[in-house]
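Everything below concerns the one structure shown next.
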Amino acid sequence: MKGILYDTFKGQPKLTSLPDPAAPDHGVVLEVLATGMCRSDWHGWMGHDPDIVLPHVPGHEIAGRIIEVGNKVRNFKTGERVTLPFVCGCGSCRECQSGNQQVCDYQSQPGFTHWGSFAEKVRIDYADNNLVRLPDNISNEAAAALGCRFITAFRAVVDQAALKKNERIAIFGCGGVGLSAIMIAKALEAEIIAIDINEQALQLAKEVGAHHAINASGRKDVAALVKDISIGGVEVSIDALGSQITSINSIDSLKKRGRHI
Ligand SMILES: [Zn+2]
Ligand SMILES: [Zn+2]
């Protein structure tokens, strides 16, 4: 198969011929139909992830078609179009059994623990526990975005923050996770304040559902602005970037008994 490989961290990736993956007993091989690129791929390439063994093929945001099935897989067959979460759980450890597959003790991640989806084919482990069938009305490109940024945002907004209709939410950072959080908050009928330092990102935020947009570039009063707009602070704030300043502003934007994620 063809794939994109790098031999050294921070080195030039190259398009090259690679050996095809094989399906393990509990796994499958997918033909890659679409793949996303995200900040985690950059972290891997920089050498920040100890799971990566060189040479390496990155890529973990995938829509694919099953082309080979291991002999212990019960629920999937060749030809089906599927996607998967960023972290693939084993399905049987204590964390998986408690519904926290994202911290599975035996997790696998294409593009980190083994070669990923910047290739024509990719191996997926524990297929019965991780694959999700795609309905015809979800495109390959949209599906490739679901398993990483979208489920990260979904877990934050729906499960951890438990955002409710008519609550106010401030979302700091309008990249992949932030924009996904805005779409999910809109579906929950919340009032959304988007904050970023990039005007283009804020424009996108408004297009996907933000009611208010704050350009924080050069401003020191961002939390006060959020409190003005929300008349006293928001019920939920999300730091979708992960920096000291967005974390502090996010917490400072809350009303009494607000929830920060
Ligand atoms: Zn990702
Ligand atoms: Zn597990």
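Both ligands and their constituent atoms are indexed starting at 1 by order of listing.
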Q: Kindly confirm whether the Zn ion (ligand 1) is within less than 2.8 Å of some N/O/S atom in D41?
A: no

Q. The Zn ion (ligand 1) as vertex, arms to SG of C38 and OE2 of E61: angle to 10°?
A. 100°

Q) D41 and H60: side chain to side chain donor-acceptor pair (under 3.5 Å), yes or no, with the steps? A) CA-CA 8 Å; D41 295 309; H60 58 277; 3.1 Å; yes

**Q.** Full working for ring pair (Phe, Tyr, Trp, His ring centres under 6.0 Å) between H48 and W42
**A.** CA-CA 9 Å; H48 298 163; W42 177 85; 5.6 Å; yes

Q.
Nearest N/O/S atom of H60 with respect to the Zn ion (ligand 1), by atom name, please.
A. NE2

(Q) Counting only heavy atoms from other residues, nucleotides and ligands, does the tally under 6.0 Å from NZ of K2 exceed 12? (A) no

Q: Classify the angle between the aromatic ring planes of F112 and H56 as parallel (below 30°), tilted (30 to 60°) or perpendicular (above 60°).
A: tilted

**Q.** With the Zn ion (ligand 2) as the apex, the SG/SG angle for C90 and C96 - to 10°
**A.** 120°

Q: Decide if atom CE of M183 counts as having more than 12 heavy atoms of other residues, nucleotides or ligands within a radius under 6.0 Å.
A: yes

**Q.** Opening angle between SG in C104 and SG in C93, taken at the Zn ion (ligand 2), to 10 degrees
**A.** 110°

